[in-house]
Amino acid sequence: MRIFLFFCLLFISCNSKEDKDKYNRQLYRAVNNKDTAILDIHINDKRFYGRYEISHYGTGKDSGDVRGDLRGDTLRGDYHYVSFGGSWKRVPLALLNKEGKLFLGKGVIGTYFNLPCFVPEVPIDYKNPQFVFERIEE
């Protein structure tokens with residue numbers, strides 16, 4: 001009986017994990033003056049995750065992981081990265097998917113349960129973004 005219970009629990013736990021095969025890989029690049037950003041994400045109809053790297057011309061780069069949820073035409077999540085100064089940082093991330101491009105949003109950052117997030121009372125601004133990501137093929 002215990003062996004049967006063990007296999008039932010094992011089967012349920014293995015099937016409860018999110019199926020990574022249902023994610024589509026998308027690669028984006030954005031250029032702002034001499035700074036370049038690469039966004040390599042895996043995305044489905046509900047969530048995304050991947051890598052994000054910003055090369056700051058002449059000073060170094062920020063590199064780390066992104067993850068989050070899709071809310072309509074917006075990707076909302078966070079960017080956990082090592083800054084070019086060498087320390088770990090976490091910032092909220094909002095990308096508007098419009099006309100096949102991703103527009104990086106700016107907003108007021110607050111904290112919730114000690115995690116940085118955009119303050120809900122202040123709308124995220126997608127006008128004059130630091131980066132506009134265009135999809136590229138490998």
Side-chain angles (χ1 to χ4, degrees):
M1 183 66 179
R2 288 182 183 184
I3 293 175
F4 176 74
L5 262 166
F6 172 76
F7 282 112
C8 286
L9 289 173
L10 180 65
F11 180 74
I12 291 168
S13 68
C14 288
N15 285 335
S16 68
K17 292 182 181 174
E18 198 168 353
D19 189 2
K20 301 272 186 200
D21 295 337
K22 295 185 181 176
Y23 282 81
N24 296 314
R25 183 173 182 228
Q26 297 178 1
L27 187 61
Y28 292 89
R29 179 178 53 218
V31 177
N32 181 2
N33 294 320
K34 293 185 177 184
D35 294 343
T36 304
I38 301 292
L39 181 62
D40 184 359
I41 58 173
H42 299 268
I43 188 168
N44 67 14
D45 58 344
K46 295 178 185 174
R47 298 196 42 78
F48 71 94
Y49 69 94
R51 300 281 302 162
Y52 182 25
E53 183 175 289
I54 303 169
S55 296
H56 302 281
Y57 181 76
T59 59
K61 69 179 179 177
D62 298 336
S63 181
D65 297 322
V66 293
R67 65 176 179 188
D69 299 317
L70 269 71
R71 298 179 187 168
D73 58 358
T74 307
L75 288 75
R76 298 276 306 260
D78 64 24
Y79 176 36
H80 189 215
Y81 66 100
V82 174
S83 70
F84 59 87
S87 62
W88 279 96
K89 296 182 180 182
R90 183 181 303 270
V91 295
L93 177 74
L95 297 160
L96 176 65
N97 189 352
K98 181 177 160 186
E99 301 168 359
K101 298 177 182 178
L102 297 177
F103 294 79
L104 182 64
K106 297 178 209 164
V108 176
I109 298 175
T111 56
Y112 183 71
F113 288 108
N114 213 22
L115 290 174
C117 61
F118 289 116
V119 175
E121 295 82 23
V122 180
I124 296 173
D125 181 18
Y126 296 100
K127 298 175 188 152
N128 301 318
Q130 178 184 4
F131 290 112
V132 177
F133 291 90
E134 295 187 26
R135 194 161 178 192
I136 58 174
E137 302 297 324
E138 290 185 80

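Computation of the quantities below employed the complete heavy-atom set of this structure, encompassing side-chain atoms and omitting hydrogens, waters and symmetry-equivalent molecules. Quantities reported herein were computed from a predicted structural model and do not represent experimental measurements.
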Exercise. Return the minimal non-hydrogen interatomic distance between A30 and F133, and the atom names on each side.
Key: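 Nearest pair, atom of A30 first, then F133: CB-CD2, 3.7 Å.
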Quiz item: Going hydrophobic residue to hydrophobic residue with side-chain gaps under 4.5 angstrom, can you get from L93 over to V132?
Solution: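 As far as the 4.5 Å side-chain criterion goes, V132 and L93 are not connected within one cluster.
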Exercise. With sequence neighbours excluded, tell me which residues meet side-chain contact (heavy atoms from CB on, under 4.5 Å) with D35.
Key: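 D35 satisfies side-chain contact (heavy atoms from CB on, under 4.5 Å) with H56, Y57, F131 once adjacent residues are dropped.
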Exercise. Using a strict cut-off of less than 4.0 Å between a Lys/Arg side-chain nitrogen and an Asp/Glu carboxylate oxygen, indicate whether D40 and R25 qualify as a salt bridge.
Key: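 So D40 pairs with R25 through a salt bridge.
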Quiz prompt | Sequence neighbours excluded, every pair satisfying salt bridge (charged side-chain N to carboxylate O under 4.0 Å, His left out) that has a member inside residues 81-93 | solution =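 Counting only pairs at least two positions apart or across chains, the salt bridge (charged side-chain N to carboxylate O under 4.0 Å, His left out) contacts touching residues 81-93 are D78-R90.
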Exercise. Identify the residue among L39, N24, I43 that makes a side-chain contact (heavy atoms from CB on, under 4.5 Å) with F48.
Key: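 By the side-chain contact (heavy atoms from CB on, under 4.5 Å) criterion, F48 pairs with just one of L39, N24, I43: I43.
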Side-chain atoms of residues 104-127: list all donor-acceptor pairs with protein atoms under 3.5 Å, sequence neighbours left out, distances to 0.1 Å.
residue	atom	partner	partner atom	Å
K106	NZ	N128	O	2.8
D125	OD1	K127	N	2.9

Quiz item: Distance from E53 atom CD to T36 atom OG1, nearest 0.5 Å?
Solution: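 Rounded to the nearest 0.5 Å, the CD-OG1 separation comes to 10.0 Å.
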Quiz item: What distance separates Y52 OH from H80 NE2, expressed to the nearest 0.5 Å?
Solution: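 That separation rounds to 15.5 Å.
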Quiz item: With a cut-off of 6.0 Å (strictly less than), are more than 12 heavy atoms of other residues, nucleotides or ligands near CZ of R135?
Solution: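 Check passes, neighbour count above 12.
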Quiz prompt | More than 12 heavy atoms from other groups under 6.0 Å of CZ on R67 | solution =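 12 or below, so no.
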Quiz prompt | Any donor-acceptor N/O pair, N32 side chain to Q130 backbone, under 3.5 Å | solution =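 Indeed, once roles are kept as given, a pair shorter than 3.5 Å links the two residues.
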Quiz item: Which of parallel (below 30°), tilted (30 to 60°) and perpendicular (above 60°) describes Y49 and Y23?
Solution: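 Answer is perpendicular, since the angle exceeds 60°.
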Self-check item: Sub-4.5 Å side-chain heavy-atom contact between L75 and V66
Solution: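 When only atoms from C-beta onward are counted, V66 and L75 do not touch, as no gap falls below 4.5 Å.
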